[in-house]
There are 2 protein chains.
Amino acid sequence: MLSSHNARLASARRLTSRRDRREAGRFLVEGAQAVREAVRAEAVLEVFATADAIVRNADLLSGLDVAEISPKDAAGLSETVTPQGLVAVCRAIDVSLGQAFGRSPRLAVLLVEANDPGNAGAIVRTADAAGAQAVVFAGGVDVYNGKAVRASAGSLFHLDLVLDAALDDVLAAAGGAGLTTLATTSGTGARDLDQLADDGTLAAPTLWLFGNEAHGLPDAVLTAADATARVPIHGRAESLNLAAAAAVCLYASARAHR
Amino acid sequence: MLSSHNARLASARRLTSRRDRREAGRFLVEGAQAVREAVRAEAVLEVFATADAIVRNADLLSGLDVAEISPKDAAGLSETVTPQGLVAVCRAIDVSLGQAFGRSPRLAVLLVEANDPGNAGAIVRTADAAGAQAVVFAGGVDVYNGKAVRASAGSLFHLDLVLDAALDDVLAAAGGAGLTTLATTSGTGARDLDQLADDGTLAAPTLWLFGNEAHGLPDAVLTAADATARVPIHGRAESLNLAAAAAVCLYASARAHR
């Protein structure tokens, strides 16, 4: 069993910090399901696991570089309330904007200044489920944050991730890739999602733009997008939460694409 | 300013426990937006607020029974990371199953053993936004939990809530109220949401059944429902998270109803 002071373990522990993740080009993935997806994506560099977890996940771990650690050290690598005793160090898997849009996605997402890691991860998962090919992040939370990785339930390995994108670059590249840009807002000037489905707009290859949980998208983005869209509110709620709005929009596109 | 040992404050503090909420028939609502909805619903019994919050929310609080408390005591009433210094004690607002279904809802939700308070609150918010008239809880989390109340963003005051419902009663009452019961599952035997939209099933008054985050709905419920439904997965995600699945299903109904 590795000592708590082991240098590799100490390096892994530093990956709970965003700056250290970015410097190292590495991030942590926790739990059997997510590690399985990381293995499939050939992203795993090394694995830390408790004795229990090594026994429980023998099949999954065969052929990997696995170091045994104490349950306490496993908790130190975890950002969850109930650590699973199994953490993989993965190489960063994000690609450039050019690579992502060069693959001619028919459905993609741009998240602008989203601040909640659970939302970011849930949106990656929903985007994957809805058949999107890329999720682009401009500012906001780091999708390699442990809570975001966990909320993505492995989906971050299934599509192209682009990090630290500049807004102007994304909008220009979307035009070049033939993507219609739809900026979500609760503003009254926006077109209703049902209208966009009925008039055929959603049938086009689409980049959906979602903003910050509290402030939405900047005005400049609303102006620059091809159209603004809002999820209709039929009851008395002021709005949907970000992840729910993204689910409704992405599935409206998925339906229109089929 | 009330002492930390004040009896009313101590009673309010006990409402952070589910059992005490149920015994008292009261629950806590935090923050200006939610308290405003509670006032509109005539559910507020008394308010505890810091000196700052009393000044900030003077309009909202006029005519209410407000007691000033310290920031520390406000944090003790809060289940959020950043307490807002404003907490209302509200009377329980749930209604009986007979009352809720007696109003002939066209769209309603049954949550069976949902365990995450954030999910429960988010689904209440989404149900409100999609125009649902009722959300019924059978087992699982308490929607009067502080995190659930917060995630509902005031929507729990906008529709009929039914708590502690027995599954058999709900299914029988749904039949009596003319509601088609659609049980969500990721099972392969289920009908695809797009098919249910295309064949007109979703146009009927509907009770959507959603299960536990990890285990889904019990088999007996899947069998007893009028139909089983699954959200189509177009990518490589195994499933959607509960709140996202609910958003997609409820908005598919809302669109079919219009």
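Just so it is clear: chains get the letters A, B, ... in the order the sequence lines come, proteins before strands, and each one is counted from 1.
Your options are A:Gly131, A:Ala127, A:Ala151, and the one with the most heavy-atom pairs under 4.5 Å with chain B is A:Gly131. Between chain B and the options A:Ala197, A:Ala237, A:Ala130, the largest number of non-hydrogen pairs under 4.5 Å is found for A:Ala237. Interface summary for chain B: among A:Pro232, A:Ala153, A:Gly154, A:Ala243, the most heavy-atom pairs under 4.5 angstrom belong to A:Pro232.
A 4.5 Å side-chain heavy-atom check between B:Arg255 and A:Asp198 finds at least one atom pair inside the cut-off. Between A:Leu240 and B:Tyr251 the shortest side-chain heavy-atom distance falls below 4.5 Å. Side-chain contact between A:His257 and B:His234 is absent, with no heavy-atom pair separated by less than 4.5 Å.
In this structure, CG on B:Asp194 lies 8.5 Å from CZ on A:Arg258, to the nearest 0.5 angstrom. Between the CD atom of A:Glu37 and the CD atom of B:Glu238 there is a distance of 6.5 Å, given to the nearest 0.5 Å. Here A:Asn241 contributes atom CG and B:Ser155 contributes atom OG; the two are 10.0 Å apart, rounded to the nearest 0.5 Å.
Using a 4.5 Å cut-off between heavy atoms, A:Thr126 touches chain B through backbone and side chain atoms alike. Of the atoms belonging to B:Ala244, heavy atoms from both backbone and side chain fall under 4.5 Å from chain A. Within the 4.5 angstrom heavy-atom criterion, atoms from both the backbone and the side chain of B:Ser239 approach chain A. Proximity to chain A (any heavy atom under 4.5 Å) is shown, for B:Ala122, by both the backbone and the side chain. Proximity to chain A is absent for every atom of B:Gln133, based on heavy atoms less than 4.5 angstrom apart.
Annotation: B:Asp59, atom CG; neighbour count of heavy atoms from other residues, nucleotides and ligands within 6.0 Å does not exceed 12. Around the CZ atom of B:Arg150, the shell of radius 6.0 Å holds no more than 12 heavy atoms that belong to other residues, nucleotides or ligands.
Although no hydrogens or angles enter the test, the distance criterion places no donor-acceptor pair under 3.5 Å between the side chain of B:Asp128 and the main chain of A:Gly235.
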